[in-house]
Amino acid sequence: MLQEALREIDRGSAEIIDNERIEKLLKAYFEEGKPYTVKAGFDPTAPDLHLGHTVLLQKLATFQKYGGIVQFLIGNFTAAIGDPSGKSATRKVLSQEDIKKNIASYTTQAFKILDKSKTEIVYNKDWLEALGAAGMLELASTLTVARMLERDDFSKRHASNTPIAVSEFMYPLLQGYDSVHLKSDVEIGGTDQKFNLLMGRQLQKTYDVKKQQAVLMMPILEGLDGIQKMSKSLNNYIGVTDEPNDMFGKVLSISDDLMWRFYELLSTKSLEEIATIKSGVEDGSLHPKKVKEELALEITARFHNDELAKEAKIEFDKVHVKSQIPTDIDEYSCEGEVWIAKALVDCNIEPSTSQARRDIKQGAVKINQEKISDMQLQLCSGEYILQVGKRKFAKLKVN
RNA sequence: GGUGGGAUAGUCAAGUGGCCAACGACGGUGGACUGUAAAUCCGCUCCCUUUGGGUUCAGAGGUUCGACUCCUCUUCCCACCA
């Protein structure tokens, strides 16, 4: 039982620091029913969670299964600084209402995965603001600049002459201080957070918390491109609130290599099962597309339900395998004759008439499934299905 | 505070008076091939109903027939020295 729990916790993790402590905590739980705390920090700057976040959330859910109480930390104080790990140098300051709204939508999404009864939502503003200037100084004095520059981001940016704001140095310290305040037993985060996570350990020691948190790092999930990390700003993400059709389609669009990564980090299938599937693909007994469909179904069903996931697959096949028109298309209408390029822009499937003209020239535009080439074309009254490329559709009614 | 360097399209990055809407790379996008996969190949990639017109190269002025390129000021960044 204990071994099984440990294996499940270890699954997919990139690195665990102080694994002995995790073992001890679990042992105490199994033998005495003693709970422990698992901290994970979230930045409320964007209101939507994507699958990259769910890698962490799923791990938290695993801890909850085995006695962990999740400290779901909302970084409403640190958000003002911006974690240096992103490349954005400065971050705009969010209004209180925005943050509140983001937090609300954040937690609703998170509870699709987490067990609400075993989750404490905490806000670091509550204690960091109280820290004051004196407390900040004290905190800042615990670390040398040389140590700080050890952090990969900082040294790279420093080496490449990219600016670093002094306030950014505070970020790891404050995140570490969160662990002091919360007396966390375990903290989990992405591998890019290693420095910050370790800071928690160090500060817990410095501030004499009597314990040092274990640290579990999860790999960073790559985005749809398979190279960069999944993030909203790179637009390579699958959002947990994405429509079933989009979700299904996006999963199917990832490369075969990336698919294994998604399996490992997102699927609930056991590692053995995944290994079996993988060897099936390798020896040719399983088609990779089928395998990817399975994954897409699983993921879509998790955030919606089985029914909707199946419908998404049927819809997908209809549009892409049989090249038919999707069931739901945005509808637009207009008065009088319209020039085709203008119509495409009005239907939001082209960004500008210039782009529309180029696409027409290249034969990317279809009306009612027929390729068109006349860029002077005027649409007179009637109903048209407009299409650009393989994915963009709109229905236009000309009166 | 001093000295020097820099700011170019989504990103990186050429361009040092006309040949510049601006090389190239990446990204994005369209097409071919497929499994809407990857890889590969070809096209497109500021806006405008376009053999043309308009607005761009941090910002504001100026020199010039003509400026991304020269001058002045402003803003921001970097390095070295203090």
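In what follows, every chain begins at residue 1, and chains take the letters A, B, ... in the order their sequences are listed. What you see is a predicted model; the values in this text were computed from it and never measured.
- When both distances must be under 3.5 Å, the Watson-Crick or G-U wobble mate of A14(B) does not exist.
- If you check U49(B), U36(B), C47(B) against the side chain of Arg391(A), the one that comes closest is U36(B).
- With a cut-off of 3.5 Å on both pairing distances, the Watson-Crick or G-U wobble partner of U29(B) is G43(B).
- Rounded to whole Å, the distance from CG on Asp246(A) to C1' on U36(B) is 13 Å.
- Here Arg358(A) does not reach the OP1 or OP2 of C48(B): none of its side-chain N or O atoms lies under 4.0 Å away.
- Phosphate proximity of U36(B) to Lys289(A): present, with a side-chain N or O under 4.0 Å from OP1 or OP2.
- Considering only side-chain N and O atoms, Ser253(A) lies nowhere under 4.0 angstrom from the phosphate OP1 or OP2 of U36(B).
- Taking the nucleotide of RNA chain B with the nearest heavy atom to each of Lys390(A) and Thr353(A), the more 5' of the two is matched to Lys390(A).
- When the P atom is compared between C68(B) and A58(B), the two are found 10 Å apart, to the nearest whole Å.
- U16(B) and U69(B) are spaced 5 Å apart, taking the C1' atom of each and rounding to whole Å.
- Within the shown strands, nothing qualifies as a pairing partner of A9(B) under the Watson-Crick or G-U definition with both distances less than 3.5 Å.
- Following chains of ILVMFWY side-chain contacts shorter than 4.5 Å, one cannot reach Phe195(A) starting from Met217(A), and the two form parts of different hydrophobic clusters.
- Of the N and O atoms on the side chains of Asn245(A) and Glu315(A), not one donor lies less than 3.5 Å from an acceptor on the other residue.
- Across all strands shown, C20(B) forms no Watson-Crick or G-U wobble pair with both distances under 3.5 Å.
- Checked by distance alone, Gln378(A) brings a side-chain donor or acceptor within 3.5 Å of a matching partner on the base of U49(B).
- Heavy atoms only, all atoms of each residue included: Gly226(A) and Glu222(A) are closest at O-CG, 3.7 Å.
- Listed pair Ser352(A) / C46(B) fails the phosphate criterion, with no side-chain N or O lying under 4.0 Å from OP1 or OP2.
- Within the nucleic acid shown, Ile254(A) comes within 4.0 Å of sugar-phosphate atoms alone, with no base atom in reach, counting heavy atoms only.
- U49(B) and C12(B) have their C1' atoms separated by 35 Å, given to the nearest Å.
- No donor-acceptor contact under 3.5 Å links the side chain of Asp225(A) to the base of G27(B).
- The C1' atoms of G15(B) and C70(B) are separated by 16 Å, rounded to the nearest whole Å.
- Remark: side-chain polar atoms of Glu273(A) are paired, donor with acceptor, to backbone N or O of Ser270(A) under 3.5 angstrom.
- Residue Ser255(A) places its side chain closer to A38(B) than to any other of U36(B), G35(B), A38(B).
- With hydrophobic clusters built from ILVMFWY side chains whose heavy atoms lie under 4.5 angstrom apart, Met247(A) does not share a cluster with Val319(A).
- Of the listed nucleotides (U49(B), U36(B), C44(B)), U36(B) has the atom at the smallest distance from the side chain of Val321(A).
- In summary, Asp317(A) and Lys322(A) do not engage in a salt bridge, as defined by a charged side-chain N under 4.0 Å from a carboxylate O.
- Under the Watson-Crick and G-U wobble criteria, each requiring two contacts below 3.5 Å, nucleotide U51(B) is left unpaired.
- The cationic group of Lys250(A) lies under 6.0 Å from the six-membered ring centre of Tyr237(A) and within 45° of the ring axis, placing it in a cation-pi geometry.
- Protein atom CG of Asp257(A) is 10 Å distant from nucleotide atom P of A39(B), rounded to whole Å.
- Nucleotide A79(B) is matched to U3(B) when pairs are restricted to Watson-Crick or G-U wobble geometry with both distances under 3.5 angstrom.
- Separating the CG atom of Asn236(A) from the P atom of A38(B) is a distance of 14 Å, rounded to the nearest angstrom.
- A9(B) sits 36 Å from G2(B) when the C1' atoms are compared, rounded to a whole Å.
- Within 4.0 Å (heavy atoms only), Gly249(A) reaches at least one base atom of the nucleic acid.
- The Trp339(A) side chain lies nearest to U49(B) when the options are U49(B), U36(B), C44(B).
- Between the CZ atom of Phe316(A) and the P atom of A37(B) there is a distance of 8 Å, given to the nearest Å.
- Comparing C41(B) with C47(B), their C1' atoms are spaced 31 Å from each other, to the whole Å.
- For a distance-only test at 3.5 Å, the side chain of Gln362(A) qualifies as a donor-acceptor partner of the base of G43(B).
- In this structure, U64(B) forms no base pair with any nucleotide, since neither Watson-Crick nor G-U wobble geometry is met with both distances under 3.5 Å.
- As rounded to the nearest Å, U3(B) and G54(B) have P atoms that lie 44 Å from one another.
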*Give the C-alpha distance, both sets of side-chain angles, the deciding distance and a yes or no for side-chain hydrogen bond (donor to acceptor under 3.5 Å, both in side chains) between Gln58(A) and Arg11(A).*
CA-CA 11 Å; Gln58(A) 277 174 244; Arg11(A) 177 196 170 160; over 6 Å; no
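- C44(B) and C76(B): their C1' atoms are spaced 35 Å apart (whole Å).
- Residues Asp317(A) and Met375(A) both approach RNA chain B. Their nearest nucleotides, taken by heavy-atom distance, put Asp317(A) toward the 5′ side.
- Closest contact between the side chain of Lys292(A) and the listed nucleotides U49(B), G35(B), U36(B) involves G35(B).
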